[in-house]
Amino acid sequence: MHEQMSGYKRMRREHQATLLKLEEKCKVEMETHKGALDKEYETLLHSFTRDLERLETKHQQDVERRAKQTAAAEKKLHKEITAKQEGDRKAFDLNRKKEYKANKERWKRELSMDESTPKRQRDLTLQTQKDTMKQYEAQEEQRLLQAQKQYIELEMRKFKRRRMIMQHELEDQLLRDELSKKQQQLEQAHAMLLKHHEKTQELEYRQQRSVHMLREEQITKQHDTELHNQQDYMDRIKKELVRKHALELRQQPKSLKQKELQIRKQFRETCKTQTKQYKRYKAQVLQTTPKEQQKEVIKQLKEEKHRKMTLLGEQYEQSIADMFQSQSYKLDESQVIECQRTNEQLEYELEMLTAYQNKNKKQAQEQRDRERRELENRVSVRRGLLENKMAGELQQFNQERAERLRMKHEKHAKELEAFDNDSLALGFSNLSLTEVSRETYPDEEGSLSGSMISLAHSHSSTSFPAGSL
């Protein structure tokens with residue numbers, strides 16, 4: 001009994017040490033797992049930051065490039081219109097001189113035909129016509145210059161308004177690109193968090209299964225040991241009872257005693273024969289066994305010899321008992337009652353042990369089921385918190401996106417309104433600014449070409465029709 005109790009204590013210590021070792025291993029594995037997931041998530045966030053920085057740099061470059069293009073296009077447009085107007089003014093001057101000369105000759109010819117008018121009067125009339133002509137041409141030139149000035153100012157104003165709208169469209173597109181990139185990053189981060197949650201959940205379930213399997217194996221091993229020890233105990237009690245009863249029957253006829261002695265003598269001779277055979281077999285085995293393994297082999301052979309001798313002794317003892325029974329010697333009534341009570345007691349003890357083990361198994365199963373439910377609940381709560389966090393982040397992002405788009409729209413509307421108000425203050429109506437320009441804007445297609453001010457032919461000659469004198 002002392003040996004069995006010591007064995008139970010040793011087994012429990014071993015089981016506890018094995019369980020603690022497995023739990024520590026699971027703890028280290030979980031810490032390593034979480035560290036790897038945290039590192040992966042941090043790496044993803046850093047990559048998001050670098051991507052946004054690169055996108056911001058690219059957007060800044062696009063804005064700067066558009067600003068340079070606008071400045072260059074504005075300068076080029078102003079230069080083209082100025083060059084066209086300069087050509088129109090030269091053509092106007094050339095046509096004016098040509099018409100002035102033609103009118104002068106015509107006036108001289110008409111005046112020379114009127115001989116009734118004194119020469120001085122004709123010269124005075126000719127000078128008056130010249131002065132009137134020059135005054136009219138000066139007025140026409142002034143109107144031309146004023147029209148050209150208004151035209152170039154209008155066209156440049158149109159160009160600036162168009163470029164402002166294009167700049168606003170570019171800023172809107174860049175903002176949408178940035179928000180789309182951030183949304184993609186947010187979705188990627190959420191997908192990774194869900195993936196990490198699933199991996200952690202799988203690891204937790206796997207670790208719990210391994211712990212539960214170990215506990216179940218330990219309980220099964222402990223119960224098997226208890227049942228084996230109980231069976232040994234029952235067999236020992238029964239054999240002791242048989243020996244006790246056999247001892248009580250030693251006072252039997254001499255022939256039985258002689259037969260018993262004969263059987264015991266035969267047992268001793270058999271033991272001697274077994275010992276000789278064992279020695280020969282041992283020598284044969286050691287000859288074919290490496291030297292470093294001989295100790296272990298000798299130990300195994302000794303254990304086998306001891307087991308066989310014990311079994312042989314039990315067989316001869318059983319033979320002696322059978323001999324006494326075969327001689328029709330029966331146990332008396334007290335021995336029969338003692339056997340029955342002993343068997344009942346042993347059966348009761350076995351039933352108690354089985355009931356205790358079943359109760360222990362049931363409690364262990366209930367504990368495993370409770371731990372599984374607790375783990376499922378923790379995983380479910382963690383999943384719910386994660387989904388709430390992701391939903392909150394998505395809602396916050398949508399609000400920020402709507403707010404940024406609204407602010408950008410208001411900013412553009414205010415800038416365009418301020419530009420139109422300045423245009424009105426300069427004398428340009430909104431309708432005139434929104435009309436299609438006849439100029440070809442640099443870096444744009446689809447604009448009409450040609451100057452708004454056209455000097456095909458001056459009608460100044462009609463101011464003095466033939467015969468007006």
Less than 4.0 angstrom from a charged side-chain N to a carboxylate O is my criterion; do [X] and [Y] meet it?
| X | Y | result |
| --- | --- | --- |
| Arg406 | Glu403 | yes |
| Glu410 | Lys414 | no |
| Glu366 | Arg370 | no |
| Glu204 | Arg209 | no |
| Glu74 | Lys160 | yes |
| Arg372 | Asp369 | yes |
| Lys58 | Asp62 | yes |
| Asp51 | Arg54 | yes |
| Arg157 | Glu153 | no |
| Glu178 | Lys182 | yes |
| Lys34 | Glu31 | no |

Side-chain contact test, heavy atoms from C-beta onward, threshold under 4.5 Å: evaluate it for [X] versus [Y] and give yes or no.
| X | Y | answer |
| --- | --- | --- |
| Leu311 | Glu314 | yes |
| Ile81 | Gln85 | yes |
| Arg65 | Gln69 | yes |
| Lys90 | Glu86 | yes |
| Arg66 | Met166 | yes |
| Glu29 | Arg206 | yes |
| Thr200 | Arg382 | yes |

Subject >> Check against salt bridge (Lys or Arg N to Asp or Glu O under 4.0 Å), Arg404 and Glu400 >> reply: CA-CA 6 Å; Arg404 290 189 63 181; Glu400 292 178 357; over 6 Å; no

Subject >> Donor + acceptor pair across side chains of Glu155, His78 (<3.5 Å) >> reply: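 No.
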
Original post:
Do Arg89 and Gln148 have side-chain N/O donor and acceptor atoms under 3.5 Å apart?
Top reply: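 Side-chain D/A pair, Arg89 to Gln148: present.
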
Original post:
Would Asp172 and His409 satisfy side chain to side chain contact (heavy atoms under 4.5 Å, CB included), going step by step from the backbone distance to the final call?
Top reply: CA-CA 8 Å; Asp172 289 340; His409 177 72; over 6 Å; no

Original post:
Which of these, Glu347, Glu351, Gln345, sits in a side chain to side chain contact (heavy atoms under 4.5 Å, CB included) with Glu349?
Top reply: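 The residue from Glu347, Glu351, Gln345 that satisfies side chain to side chain contact (heavy atoms under 4.5 Å, CB included) with Glu349 turns out to be Gln345.
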
Nearest 0.5 Å please: distance from the [atom1] atom of [X] over to the [atom2] atom of [Y].
| X | Y | atom1 | atom2 | result |
| --- | --- | --- | --- | --- |
| Glu393 | Asn388 | CD | CG | 11.5 Å |
| Asp420 | Met164 | CG | CE | 8.5 Å |
| Asp224 | Ile219 | CG | CD1 | 12.0 Å |
| Ser423 | Lys158 | OG | NZ | 11.5 Å |
| Gln150 | Leu145 | CD | CG | 11.5 Å |
| Leu350 | Met234 | CG | CE | 5.0 Å |

Over all atoms of both residues, closest heavy-atom pair of [X] and [Y]:
| X | Y | value |
| --- | --- | --- |
| Leu346 | Gln230 | O-NE2, 4.3 Å |
| Val379 | His197 | O-CE1, 3.5 Å |
| Leu186 | Phe397 | CD2-CB, 3.9 Å |
| Tyr41 | Met192 | CA-SD, 3.9 Å |
| Val211 | Leu22 | CA-CD2, 3.8 Å |
| His59 | Leu174 | CE1-O, 3.1 Å |

Any sub-3.5 Å donor-acceptor pair from [X]'s side-chain atoms to [Y]'s backbone N or O?
| X | Y | value |
| --- | --- | --- |
| Asn358 | Thr354 | yes |
| Ser180 | Arg176 | no |
| Gln208 | Glu371 | yes |
| Asn421 | Glu417 | yes |
| Asn229 | Thr225 | yes |
| Ser47 | Leu44 | yes |
| Ser380 | Glu376 | no |

**OP:** Would you check, one step at a time, whether the test side chain to side chain contact (heavy atoms under 4.5 Å, CB included) holds for Arg383 with Arg378?
**Re:** CA-CA 8 Å; Arg383 178 64 179 256; Arg378 289 198 302 271; over 6 Å; no

Is it true that, when you exclude [X] itself, more than 12 heavy atoms of the residues, nucleotides or ligands shown sit nearer than 6.0 Å to its [atom1]?
| X | atom1 | answer |
| --- | --- | --- |
| Met352 | CE | no |
| Lys79 | NZ | no |
| Tyr205 | OH | yes |

Original post:
Are Gln207 and Lys25 close enough, and set up right, to give a side chain to side chain contact (heavy atoms under 4.5 Å, CB included), and what steps lead you there?
Top reply: CA-CA 9 Å; Gln207 289 182 348; Lys25 178 184 176 183; over 6 Å; no

**OP:** Measure the acute angle between the ring planes of His168 and His412, then classify it against the limits of 30° and 60° as parallel, tilted or perpendicular.
**Re:**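 Rings of His168 and His412: parallel, as their planes differ by under 30°.
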
**OP:** Apply the test side chain to side chain donor-acceptor pair (under 3.5 Å) to residues Gln188 and Gln184: give CA-CA distance (whole Å), side-chain angles for both, the deciding distance (0.1 Å), then the verdict.
**Re:** CA-CA 6 Å; Gln188 291 178 5; Gln184 292 177 1; 5.3 Å; no

**OP:** Before giving the answer on side chain to side chain donor-acceptor pair (under 3.5 Å), spell out for Gln218 and Gln222 the whole-Å C-alpha distance, their side-chain angles and the decisive distance to 0.1 Å.
**Re:** CA-CA 6 Å; Gln218 291 177 347; Gln222 179 179 343; over 6 Å; no

**OP:** Under the side chain to side chain contact (heavy atoms under 4.5 Å, CB included) rule, what do His223 and Glu226 come out as? Steps first, then yes or no, please.
**Re:** CA-CA 5 Å; His223 289 177; Glu226 290 173 350; 3.8 Å; yes

